Peer 1: 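Below you will find the structure I want to go over with you.
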There are 2 protein chains.
Amino acid sequence: MNIGQAAKASGISGKMIRYYESIGLISPVKRTESGYRIFSEKDVHALRFISRARDLGFSVEQMGNLLALWQDRHRASADVKAVAQAHIGELDLKIKKLQDMRQTLEHLVDHCHGDERPDCPILSGLAADNVEESAELDVETS
Amino acid sequence: MNIGQAAKASGISGKMIRYYESIGLISPVKRTESGYRIFSEKDVHALRFISRARDLGFSVEQMGNLLALWQDRHRASADVKAVAQAHIGELDLKIKKLQDMRQTLEHLVDHCHGDERPDCPILSGLAADNVEESAELDVETS
DNA sequence: CATAAACCTTCCCATTGTTGTAAGGTCAAG
DNA sequence: CTTGACCTTACAACAATGGGAAGGTTTATG
């Protein structure tokens with residue numbers, strides 16, 4: 001199988017496949033005499049694994065860990081669970097951060113009349129240089 | 001005011017201040033004869049504005065828009081509101097995406113016993129190559 | 001005054017993950 | 001045997017930030 005076909009079959013672009021190979025996430029695949037990469041079903045299988053992990057927001061490093069665990073027949077499922085749970089924790093942090101941003105911004109938007117007049121609490125909120133005004137920007141100063 | 005002091009006062013590193021200047025987000029500030037940047041209160045005010053917008057997750061490009069609106073005394077507050085609301089929309093998308101990931105991952109984690117045994121639904125879920133198994137990965141195929 | 005510490009300057013490199021492009025080699029079909 | 005569709009490597013770019021080198025300036029101290 002060519003890299004193009006492997007790309008289609010796995011959902012990872014040829015570019016990225018080469019990149020993953022170059023950084024050692026996947027081991028180098030076989031080559032034809034002329035240098036073309038040849039992908040086996042097993043290779044594509046691994047690529048699909050990566051594709052799924054990537055869709056779940058795992059970093060390349062984390063995918064490396066997962067791949068290693070995947071390929072290790074004797075690992076304990078607890079190890080895998082730990083990686084996954086750590087990642088859930090990271091996702092939670094990101095979600096929380098975005099939600100905080102969202103809430104602050106919405107608060108500002110709610111107070112902006114949004115008409116022709118130039119007066120706008122959103123900009124004043126962003127421009128606030130003292131604690132009183134800028135307090136409006138704090139979501140939860142916990 | 002030096003760049004170091006401006007950095008402290010605004011919460012933006014000196015590195016980033018220079019960067020923002022280099023890409024034109026802020027206009028070049030005055031210099032001493034020997035080439036040191038001198039920041040006025042107004043300059044620092046703008047930097048603080050940027051710092052807040054950045055904390056709210058605005059991209060450099062969006063911050064450029066906001067800055068322009070901020071400095072335009074005659075803009076309609078509706079214009080600002082539109083930018084802010086568009087950004088809320090973006091935040092919502094990101095949040096949704098992360099929540100979807102989180103839920104899928106949690107689903108997998110819930111089904112992993114997490115003990116010594118090597119059998120692990122998380123890895124099988126990631127490795128699924130057919131629709132039946134991979135359906136477990138879909139959160140809401142709406 | 002001399003020297004050292006603490007600044008500042010520009011320039012380049014690394015990061016993460018991905019895409020684009022250029023220059024060239026190969027393969028299959030007509 | 002040419003054309004087009006593939007493949008190869010290598011390099012640059014993106015966003016936003018940090019790190020460091022090499023060198024100039026200012027300030028504080030002996």
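Computed from heavy atoms alone, side chains included, the values below leave out hydrogens, waters and symmetry copies. Keep in mind that what you see is a predicted model, and the values were worked out from it rather than measured. Below, read A as the first sequence line, B as the second, and so on, with proteins coming before strands; counting in each chain starts at 1.
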Peer 1: Nearest whole Å is fine: how far is dT16(C) P from Lys94(A) NZ?
Peer 2: 13 Å
Peer 1: Round to the nearest Å and state the distance from Met16(B) atom CE to dG19(D) atom P.
Peer 2: 13 Å
Peer 1: Counting side-chain heavy atoms from CB outward, which of dT9(C), dG17(C), dC8(C) is closest to Arg31(B)?
Peer 2: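 Closest nucleotide among those given: dT9(C).
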Peer 1: In this structure, how many angstroms lie between the C1' atom of dC7(D) and the CD atom of Gln5(A), rounded?
Peer 2: 12 Å
Peer 1: Could you give the CD1-to-C1' distance, from Ile23(B) to dA13(D), as a whole number of Å?
Peer 2: 15 Å
Peer 1: Any side-chain heavy atom of Asn2(A) within less than 4.5 Å of one from Gln5(A)?
Peer 2: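 The answer is yes, as the side chains (C-beta and beyond) meet within the 4.5 Å cut-off.
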Peer 1: Please state how far atom CD in Glu33(A) lies from atom P in dT8(D), giving the value in whole angstrom units.
Peer 2: 16 Å
Peer 1: Assess whether atom CD of Glu116(B) is packed by more than 12 heavy atoms of other residues, nucleotides or ligands within 6.0 Å.
Peer 2: no
Peer 1: Look at the side-chain N and O atoms of Arg18(B) and state whether any lies under 4.0 Å from the OP1 or OP2 oxygen of dG18(D).
Peer 2: no
Peer 1: Which whole-number value in Å describes the distance from Leu25(B) CG to dT17(D) C1'?
Peer 2: 14 Å
Peer 1: Compute whether any side-chain donor of one residue and acceptor of the other, for Glu90(B) and Gln62(B), lie under 3.5 angstrom apart.
Peer 2: yes
Peer 1: Over all strands shown, is Arg37(A) touching base, sugar-phosphate only, or nothing at heavy-atom distances under 4.0 angstrom?
Peer 2: sugar-phosphate
Peer 1: For the pair Trp70(A) and His45(A), name the ring-plane relationship: parallel under 30°, tilted 30 to 60°, perpendicular over 60°.
Peer 2: perpendicular
Peer 1: Any donor-acceptor pair, under 3.5 Å, between the side chain of Lys15(A) and the base of dG17(C), if you only look at N and O atoms?
Peer 2: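 Donor-acceptor pair under 3.5 Å: no.
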Peer 1: Would you mind reading off the distance between Glu21(A) atom CD and dC7(D) atom C1', rounded to a whole angstrom?
Peer 2: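 Answer to the nearest Å: 13 Å.
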Peer 1: Under 4.0 Å: is that the gap between some side-chain N or O of Arg54(A) and OP1 or OP2 of dT18(C)?
Peer 2: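 True: Arg54(A) side-chain N/O within range (under 4.0 Å) of dT18(C) OP1/OP2.
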Peer 1: Taking Asp115(B)'s backbone N and O only, do any of them form a donor-acceptor pair with Ser77(A)'s side chain (distance below 3.5 Å, no angle check)?
Peer 2: yes
Peer 1: Between Phe58(B) and Ser34(B), which is nearer to the 5' end of DNA chain D once each is assigned its nearest nucleotide?
Peer 2: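 Checking each residue's closest nucleotide, the 5'-ward one belongs to Phe58(B).
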Peer 1: Classify the side chain of Tyr36(A) versus the base of dG25(C) as yes if they form a donor-acceptor pair under 3.5 Å and no if they do not.
Peer 2: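 Answer is yes: a donor-acceptor pair is held.
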Peer 1: Is any side-chain N or O of Tyr20(A) closer than 4.0 Å to OP1 or OP2 of dG17(C)?
Peer 2: no
Peer 1: Counting just side-chain N and O atoms, does Tyr19(B) come under 4.0 Å of either OP1 or OP2 of dG18(D)?
Peer 2: no
Peer 1: OP1 or OP2 of dT19(C) sitting under 4.0 Å from any side-chain N/O of Ser13(A)?
Peer 2: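 So the side chain of Ser13(A) is within the cut-off, an N or O lying under 4.0 Å from OP1 or OP2 of dT19(C).
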Peer 1: Which whole-number value in Å describes the distance from Ile17(A) CD1 to dT9(D) P?
Peer 2: 13 Å
